[in-house]
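Letters A, B, ... mirror the listed sequences (proteins, then strands); counts begin at 1.
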Amino acid sequence: MSLVRVTINGRTVEVPAGTLITDAARVAETHIPVFCSHTKLDPLGACRICVVEVGTPKLGPDRKPVMGADGQPEIAWMPKVQTACTTVVSEGMHVRTETPVATQARQGVMEFLLVNHPLDCPVCDEGGECQLQDLAFAYGLDYSRMADAKRTFESEDLGPIVKKEANRCIVCMRCVRYCSEVMGEDALTAHQRGVWTEISSFNRQPLDCEQCGNCIEVCPVGALTALPYRFKARPWDLRQHITICPYCSNGCSVRLGVRREEILRARGTEFRGVNQEFLCVRGRFGYEFVGSADRLSAPLLKLGESLGPSTFDESVTFVAARLREIVALHGAGAVAFLGGDKLTLEEQYLEQKLARAVIGTPHVDARTRHTAPVAGDAILRATGGGRAALTFDALVGMREVLVLGDDLQGEGPFAQAQLVRGARQKGLHLTVAHPRRVKLARERFNGAHLAYRPGRELALVNALTRAVLDLGDPAGAPPEVTSKLASLKTALAGATAEAAETVTGVRADAIRAAAKRLRDADRKAILFGRAFTEHREAAALVQAIENLGWASGALTSTTASVMYIGPQSNSQGALDMGLVPDRLPGYVPAADATARAVFERAWSAPVPGAGMTAPEVLAAAASGKVRALWIVGDDWLASAPDRALAEQALARAELVIVNEMFPTETAQRAHVVFPITSFAEKEGVVVNCERRLQKSIRALPPRKGTRTDGDVFQAVAQAFGASWAYRTSEDVFREIARLVPGYQGMLTAMMVPHGPQWSLPAPHPAVLTATVADPAPANNGDGLWLLAGATLFLQGSLSHRGALLPRLAGEPRAWLHPDDGRRLGIAAGDAVELTGPGGRLALAAALDDSVPAGSVFVPLGQRGAALNRLGSAPGTGLQVQVRKTAVRETVGA
Amino acid sequence: VSEPRGPLLFKDLDTPGLATLATYRAGGGYETLKRVLVTAKKSAAEVIEIVKASGLRGRGGAGFPAGLKWSFVPKDSPKPRYLVCNADESEPGTFKDRELMEKNPHLLIESMVLAGYAIGAHTGYIYLRGEFEYIQKILDTALAETRAAGLIGKDVAGSGYEFQLWTHLGAGAYICGEETALLSSLEGYRGQPRLKPPFPAVEGLYACPTVVNNVETLMNVPFILREGAQAYRQWGTEKSSGTKIVSVSGPVKKPGNYEIPLGLPLRKLIDDVCGGMRDGMKVKAVIPGGSSVPPLPASLLDTPFDYESMGAAGTMLGSAGCIVIDDQTCMVDALWNLIRFYEHESCGKCTPCREGTYWMNEVLERLEHGKGRPGDLELLESVADNILGKSFCALGDAAAMPVQGFLKHFRPEFEHHVTHGRCMVNRRRAEIAAMSAVVTV
């Protein structure tokens with residue numbers, strides 16, 4: 001990009017062409033105040049506080065700059081002041097911010113902003129961190145010339161989150177624009193005009209939106225404040241800590257406001273983190289669980305039939321002794337570790353090290369929701385084999401993005417916001433493959449919606465790949481890929497768009513058009529997540545994504561624009577640290593004795609080969625082959641794919657150890673429960689879906705009686721006789737940075753909140769094979785296909801522990817298409833019963849045409865909607881019977 | 001039928017039944033369209049050159065050369081182009097477009113086809129202010145006739161050129177006369193001005209190249225294309241060619257719309273054209289170009305009515321809404337009246353205009369009601385100065401300039417209000433006193 005030279009208050013800097021004066025001023029270390037301007041919003045130029053004097057070189061008749069006596073170009077100053085936030089710099093431009101003209105203009109605007117402002121800072125939540133307050137001190141007068149009556153509005157609650165005091169509003173429209181341009185919600189609007197302009201919702205209804213509260217975040221004054229935080233604290237009384245949100249794999253930086261030992265609020269972080277100011281409703285209001293009274297504060301130990309409080313030392317001794325017995329009698333393979341995708345990277349490393357090097361079992365898997373075995377490196381390969389990963393910043397600028405199978409509103413709200421902003425501001429085109437009409441598939445984003453039949457993902461992805469290959473070989477693929485394309489084409493010979501139309505219900509021309517867009521776009525990305533990895537055909541599906549990535553050019557020898565949106569905050573770290581049974585940390589194959597030897601030397605212990613995946617452990621434990629289960633940070637009864645099997649496994653196991661914050665159902669079936677600190681009480685690195693290492697820091701002292709997972713693992717390892725001596729998470733990280741491929745030398749990551757992305761110097765070789773999808777048409781029994789997925793307000797067990805998120809989510813419901821409702825005689829609000837092969841579930845019905853006919857959608861992870869009670873079935877999908885019941889049975893609390 | 005009211009647009013304006021296609025055609029209507037598109041087959045570039053040569057300037061207020069504006073439409077843009085007629089006539093004191101459209105809707109339609117042809121547009125919109133619902137009916141009837149006659153539509157008069165034309169009613173906001181706000185409103189958004197650049201000629205309606213012209217501007221086009229650029233220049237001055245419809249209001253004997261050659265001195269307009277002042281009143285001031293321009297005191301009545309002379313006299317020709325103020329009118333009252341309008345019509349987008357018009361209105365209301373304080377006049381001047389040149393669009397300037405002009409020319413009347421708490425002169429003194437009593441209670 002070409003550079004232009006611009007002189008601001010006498011200082012000349014070079015900035016890229018197209019830069020706004022406000023941004024150039026930052027380079028020139030000149031402060032230009034702004035209110036309406038925002039880095040993520042299109043320039044508006046409304047508030048006028050940024051007015052400056054602007055001049056450009058005077059041009060002579062020959063269109064060349066006229067030189068002055070001093071040999072410098074003469075400057076033609078514009079007659080009027082200009083807004084720096086809308087004016088793009090040009091070569092030789094001069095900007096003055098401190099001249100009498102500019103100063104008077106700015107002071108005039110500052111005075112105007114306060115004409116109708118109530119000056120009620122002492123009772124305003126924004127006071128102390130208010131941009132209007134700050135800039136009034138910096139640029140305003142110390143008296144007011146406005147002696148007449150001010151215009152006033154009533155205050156208004158816009159739903160449970162947003163409090164509006166319109167008198168304080170300076171009509172910068174940031175909230176309205178953010179809601180539209182970044183969130184795609186358009187929930188806010190301006191009523192009336194002129195000085196009577198008032199921000200509100202349409203028809204003054206409670207806001208019908210994601211309740212993200214970003215309108216509050218971007219409000220530069222106290223016009224929009226958060227009801228949950230109202231009058232709770234003054235900002236200068238809060239300790240503010242920037243850490244990483246524990247909810248999803250986007251890894252947003254979150255600024256916790258702490259007073260004494262209580263989190264009073266969470267905010268975004270201007271200019272920091274992947275997200276900057278952005279947070280979703282979970283990130284902003286989901287911290288309540290940390291302060292929950294239900295938190296466990298002492299280890300629980302089962303003596304006899306009942307689980308009772310114990311001491312940490314006693315529990316550790318007990319666990320070590322029992323594990324020794326089981327290993328001695330049945331071998332180390334009788335022990336399995338499940339879970340760990342919410343731990344820090346260091347803890348994940350210790351979990352698998354404890355399992356492999358201390359206890360000696362190969363069975364360790366964090367992917368407890370998986371329904372079928374998937375190779376531990378499948379996702380690594382599908383996302384480019386370890387090549388430098390896609391960033392969120394790059395995502396906004398994509399031309400074409402294919403979202404496969406997941407509703408990002410639930411699985412990755414920040415990823416969704418980046419896509420919305422790309423679509424709204426930058427011409428990004430979305431192709432959303434999802435059975436339901438999820439948010440990104442709504443018409444307002446002008447994308448394409450490939451609404452496939454539930455369970456028919458493989459046929460769709462194969463057909464897309466085949467259609468892409470029909471358009472010619474991809475550019476930029478490494479030789480190892482091009483050499484395999486011919487056999488891939490052969491394998492996909494039958495996967496025509498027409499064949500896929502029969503199976504998936506997506507029109508053949510829509511498949512071909514999507515393939516063409518993906519192939520032709522110069523900047524493109526593919527996003528996928530748990531809808532594919534937790535699928536019964538996950539192994540074939542993840543492989544199919546790898547095929548599509550290479551075939552379409554989303555993966556090339558230098559770029560890797562396929563992103564895996566993992567289901568938990570550190571799902572990526574779990575894969576990287578070898579919390580999969582077939583891969584050691586850094587994706588080193590466990591079955592390869594030579595590769596294993598490196599770890600054996602480092603750990604001074606034999607390392608077992610490959611073990612069983614989580615679904616295999618489930619079956620083995622239910623049949624009594626696995627005798628000891630250590631479940632880490634996971635309510636397994638709720639997350640295991642088949643609840644009946646999990647119940648059986650827990651009943652049969654001789655030893656169940658659970659690391660938990662709360663007395664979950666699973667914890668209540670355990671023999672030992674270790675009480676665990678929350679994310680806010682410990683430190684360590686988490687890896688987000690960009691594969692970025694981010695330091696989560698300690699904002700609070702640990703809840704009394706709790707330990708970190710890492711402490712628990714170390715104590716048990718020591719009790720087992722291992723010579724572990726990690727004093728801090730940093731000690732662990734140093735070992736990781738020494739030993740783990742991809743992480744080697746990344747020592748800065750353990751110190752910075754927004755660290756680097758890891759990549760492999762030698763990427764793993766690509767694999768291009770195809771499994772042909774079942775061509776049989778969907779089994780159209782009288783059942784409905786079960787659709788499940790995370791939704792916005794509740795994700796995982798943590799969100800249940802507060803009051804606000806469950807309230808926003810409402811009661812769990814089964815969503816049906818109105819046509820199915822009519823056919824089955826079910827109206828909205830009716831009590832219904834879902835019957836699957838493994839059991840029944842009672843819910844209230846809701847009707848919505850975003851759910852495809854012939855399906856029933858149940859949000860994942862809502863209390864009282866434990867889908868795994870319905871059991872599982874072989875094949876491509878789960879059909880359930882839905883019937884209306886007279887009275888709704890009590891659902892599980 | 002009495003003698004023609006004017007030489008060009010008003011020549012046949014009062015012909016009975018002119019709004020019907022038959023009568024309009026009987027007077028030679030749509031002949032120019034046919035000649036340009038079918039018989040003479042003039043190219044779009046030729047049409048633009050003729051309009052450029054005529055010196056026709058925008059009659060909405062800014063006075064920008066029309067032909068030049070048309071030539072700014074990019075020739076190579078792959079996007080569709082639009083022609084939009086600004087019929088939002090909302091400037092206080094201006095009421096010319098409504099009479100033109102009411103009485104001669106077909107002239108506007110013919111003009112728009114020709115202008116659309118010149119810029120390569122296939123779709124045109126007539127954006128009418130919300131109160132012009134009755135004019136929309138007149139236009140829609142005329143459009144239906146024209147469509148049926150094949151003079152607009154897929155194939156205009158058999159020329160192969162497609163031009164579709166629609167009317168659109170605004171929702172009642174002065175700001176929508178500002179061309180970018182008009183476009184936002186036409187798109188269905190909140191009527192607020194947009195950043196320029198990009199200018200509408202490059203990114204206008206639906207981000208496509210768009211020309212926005214005033215009703216009167218467009219209506220001059222058929223004459224220019226029929227009679228030639230030089231024929232148009234028989235009226236007016238070198239830089240302000242042609243005729244101008246002036247809307248005269250105030251206590252003159254014959255208020256109303258008049259078509260005058262540009263350059264006619266104001267005094268002649270009032271004394272000769274409008275028959276002088278009624279009831280023996282004297283002129284104190286004239287606001288020559290609609291409420292947004294500074295007033296001229298009686299001492300400057302010999303200023304010729306054209307763009308350049310008005311500019312030199314410290315005001316503007318604007319929309320030629322000529323408001324005559326007599327010597328018995330309190331200028332504080334008059335200014336308050338104007339500022340109340342701007343406070344009500346400020347769109348609220350930018351700070352100086354939104355807050356400044358409110359503040360000035362508060363001060364003027366107080367002043368008018370005898371509650372003025374020392375320093376109020378300096379405050380008003382300072383507030384106006386802080387708006388002028390700092391607002392997003394011209395609305396803020398339009399509110400600030402009258403304040404500066406009134407204070408410049410009639411300061412003693414304002415000072416009198418501060419020192420005596422009442423008007424120096426006021427025909428409505430009793431009326432105001434009564435209002436004042438209500439306010440103080």
From CA spacing to verdict: side chain to side chain contact (heavy atoms under 4.5 Å, CB included), I49(A), T351(B): CA-CA 9 Å; I49(A) 194 71; T351(B) 310; over 6 Å; no

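Here the CG atom belonging to L195(B) is positioned 5.0 Å from the OG1 atom belonging to T86(A), to the nearest 0.5 angstrom. Here the SG-NZ distance, from C36(A) to K349(B), works out to 8.5 Å after rounding to the nearest 0.5 Å. The line from CD of Q192(B) to CE of M173(A) is 6.0 Å long, rounded to the nearest 0.5 Å. Between T189(A) atom OG1 and Y189(B) atom OH the span is 12.0 Å, to the nearest 0.5 Å. Taking CG of N116(A) as the reference point, atom CD of E362(B) lies at 8.0 Å (rounded to 0.5 Å).
Proximity to chain B (any heavy atom under 4.5 Å) is restricted, for Q192(A), to the backbone atoms N, CA, C and O. At a 4.5 Å heavy-atom cutoff, V51(A) makes no contact with chain B through either its backbone or its side chain. Neither the backbone nor the side chain of N361(B) comes within contact range of chain A; no heavy atom of the residue lies under 4.5 Å from a heavy atom of that chain. Neither the backbone nor the side chain of R194(B) has a heavy atom closer than 4.5 Å to any heavy atom of chain A. If you measure heavy-atom distances from P43(A) to chain B, the contacts under 4.5 Å come from both the backbone and the side chain. Proximity to chain A (any heavy atom under 4.5 Å) is shown, for T357(B), by neither the backbone nor the side chain. Heavy-atom distances place both the backbone and the side chain of L44(A) under 4.5 Å from chain B.
For the residue pair N386(B) and Q107(A), no side-chain donor N or O sits within less than 3.5 Å of a side-chain acceptor on the partner.
When side chains are defined from C-beta on, E343(B) counts as touching W196(A), because their heavy atoms get closer than 4.5 Å. At least one side-chain heavy atom of D385(B) sits less than 4.5 Å from a side-chain heavy atom of Q104(A). Within the 4.5 Å cutoff, the side chain of V109(A) has no heavy atoms near those of the E355(B) side chain. Here the side chains of I387(B) and F112(A) are in contact, with some heavy-atom distance below 4.5 Å. Within the 4.5 Å cutoff, the side chain of M146(A) has no heavy atoms near those of the L379(B) side chain. Between R354(B) and V115(A) the shortest side-chain heavy-atom distance does not fall below 4.5 Å.
Annotation: K196(B), atom NZ; neighbour count of heavy atoms from other residues, nucleotides and ligands within 6.0 Å is above 12. Surrounding NZ of K408(B) are at most 12 heavy atoms belonging to other residues, nucleotides or ligands under 6.0 Å away. The environment of CG in D42(A) is crowded: more than 12 heavy-atom neighbours from other residues, nucleotides or ligands sit within 6.0 Å. For H344(B), the NE2 atom is loosely surrounded, since the number of other residues' heavy atoms within 6.0 Å does not exceed 12.
The residue among K150(A), K80(A), R193(A) with the most heavy atom pairs within less than 4.5 Å of chain B is R193(A).
Residues R48(A) and S391(B) share a closest heavy-atom pair of NH2-O, 3.1 Å. In plain terms, the two heavy atoms of A105(A) and K390(B) that are nearest each other are CB-CE, 3.7 Å.
With Y358(B) contributing its side chain and R151(A) its backbone, the two residues share a donor-acceptor pair below 3.5 Å.
The existence of a salt bridge linking D376(B) and R145(A) is excluded, since no basic side-chain nitrogen approaches an acidic carboxylate oxygen closer than 4.0 Å.
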